[in-house]
Amino acid sequence: MPLVKFDVVEGRKAYELKALLDAAHQAVVESFQVPESDRYQVVYSHKPCEMILSDTGLGLERTDAAVVMTVISKSRSEEMKVELYRSLASRLETYCGIKPSDLIVSVIENAGPDWSFGLGEAQFVTGKL
């Protein structure tokens, strides 16, 4: 049940966002081996001047199609994370036309007590999940 947040430049059409979220979800499901029904995604749209995405000395050229993804999840192996990055880059290019150089991903780890899925409860702590 990773929570995936997307930061994008405003102006994408609804069908473009749906393709982005669908492709990203499939990458998360396969790479992190989570159930298909565990889908938590939020999109934030920004003016171009609100996203400054340097290349960190890698020589990357970014465009207004850039996507910054923050994946909040329980601990995952290095291999799973590397596979996620590869799968995301491949799927977003294939299904959304987003260049791999326009993709930035950060995985933030947390644990069961850090989640509440509603009702004011910590379902991983109570044993409901």
Side-chain angles (χ1 to χ4, degrees):
M1 69 324 106
L3 170 60
V4 184
K5 297 181 178 187
F6 301 80
D7 288 276
V8 300
V9 172
E10 65 187 2
R12 282 188 164 93
K13 295 178 175 32
Y15 73 88
E16 293 171 316
L17 290 173
K18 181 179 181 338
L20 170 63
L21 273 60
D22 288 349
H25 182 63
Q26 287 307 309
V28 170
V29 166
E30 291 175 9
S31 301
F32 282 4
Q33 300 168 3
V34 299
E36 182 79 29
S37 62
D38 280 359
R39 187 169 182 171
Y40 301 92
Q41 300 172 310
V42 180
V43 176
Y44 301 94
S45 295
H46 306 274
K47 292 178 173 57
C49 66
E50 296 174 339
M51 291 182 63
I52 300 171
L53 307 172
S54 300
D55 74 358
T56 316
L58 298 173
L60 301 173
E61 302 256 345
R62 306 229 196 259
T63 71
D64 281 348
V67 175
V68 178
M69 292 179 57
T70 305
V71 181
I72 303 168
S73 174
K74 71 177 189 176
S75 183
R76 305 289 176 173
S77 71
E78 182 177 308
E79 292 80 13
M80 291 173 112
K81 292 174 187 175
V82 169
E83 175 57 23
L84 175 66
Y85 307 146
R86 186 209 59 74
S87 182
L88 284 168
S90 175
R91 287 175 182 280
L92 296 188
E93 185 171 36
T94 300
Y95 298 109
C96 307
I98 297 170
K99 297 177 188 175
S101 58
D102 271 335
L103 176 63
I104 299 171
V105 183
S106 178
V107 176
I108 300 171
E109 296 182 350
N110 63 11
D114 299 316
W115 292 90
S116 172
F117 293 91
L119 306 175
E121 299 177 3
Q123 288 86 355
F124 285 120
V125 174
T126 64
K128 290 184 178 178
L129 286 177

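Other residues, nucleotides and ligands contribute only 12 or fewer heavy atoms inside 6.0 Å of the NZ atom of K74. Atom CG of L58 has more than 12 heavy atoms from other residues, nucleotides or ligands within 6.0 Å. Taking a 6.0 Å sphere around OH of Y95, one finds it holds 12 or fewer heavy atoms contributed by other residues, nucleotides or ligands.
Without hydrogens or angle criteria, S45 side chain to V9 main chain gives no donor-acceptor distance under 3.5 Å. Side-chain N or O atoms of S87 include none that pairs as donor or acceptor with a backbone N or O of L84 at under 3.5 Å. A donor-acceptor pair under 3.5 Å links the side-chain atoms of S31 to the main chain of A27, judged by distance alone. Counting only distance, with no hydrogens or angles, the side chain of Q123 and the backbone of F117 share a donor-acceptor pair below 3.5 Å. Under a 3.5 Å cut-off, the side chain of R62 and the backbone N or O of S101 do form a donor-acceptor pair.
Hydrophobic clustering, with ILVMFWY side chains joined whenever heavy atoms are under 4.5 angstrom apart, keeps L92 apart from L60. In the hydrophobic clustering of ILVMFWY residues, with side-chain heavy atoms under 4.5 Å counting as a link, L21 and L3 come out apart. L53 and M69 fall into different hydrophobic clusters, where Ile, Leu, Val, Met, Phe, Trp and Tyr side chains are chained together by heavy-atom contacts under 4.5 Å. In the hydrophobic clustering of ILVMFWY residues, with side-chain heavy atoms under 4.5 Å counting as a link, V43 and V28 come out together.
Contact annotation: the side chain of V29 approaches that of H25 to within less than 4.5 Å [non-hydrogen atoms, C-beta and beyond]. Considering only heavy atoms from C-beta on, I72 comes within 4.5 Å of W115 through its side chain. Contact check for F124 versus M1: side-chain heavy atoms found under the 4.5 Å cut-off. At least one side-chain heavy atom of Q33 sits under 4.5 Å from a side-chain heavy atom of M80. Inter-residue side-chain proximity for M51 and V68 is flagged as met; some heavy-atom pair is nearer than 4.5 Å. Side-chain atoms of F6 and L17, non-hydrogen and from C-beta on, never get closer than 4.5 Å to each other. Looking at heavy atoms from C-beta onward, V67 lies out of side-chain contact with L88 at the 4.5 angstrom threshold.
R39 and D22 are joined by a salt bridge, as a carboxylate oxygen and a charged side-chain nitrogen come within less than 4.0 angstrom of each other. Under the 4.0 Å criterion applied to side-chain N and carboxylate O atoms, E83 and R86 are assigned as salt-bridge partners.
In this structure, Y85 OH and S106 OG are separated by 7.0 Å, a value rounded to the nearest 0.5 Å. Rounding to the nearest 0.5 Å gives a distance of 9.0 Å between CZ of R12 and CG of D64. Remark: S54 OG to I104 CD1 distance equals 8.5 Å, nearest 0.5 Å. The structure places CG of L20 at 11.5 Å from NZ of K18, a figure rounded to the nearest 0.5 Å. Taking OH of Y40 as the start and NZ of K5 as the end, the distance is 14.5 Å to the nearest 0.5 Å. For the atom pair CD of E93 and CD1 of I98, the computed distance is 10.0 Å after rounding to the nearest 0.5 Å.
A pairwise comparison of heavy atoms in A23 and R91 identifies O-CD, 3.4 Å as the closest pair. Shortest non-hydrogen contact noted between P113 and V125 is CA-CG2, 3.8 Å. Taking both residues in full, the closest heavy atoms of P2 and R76 are given as CG-NH2, 4.0 Å, listed atom of the first, atom of the second, then distance.
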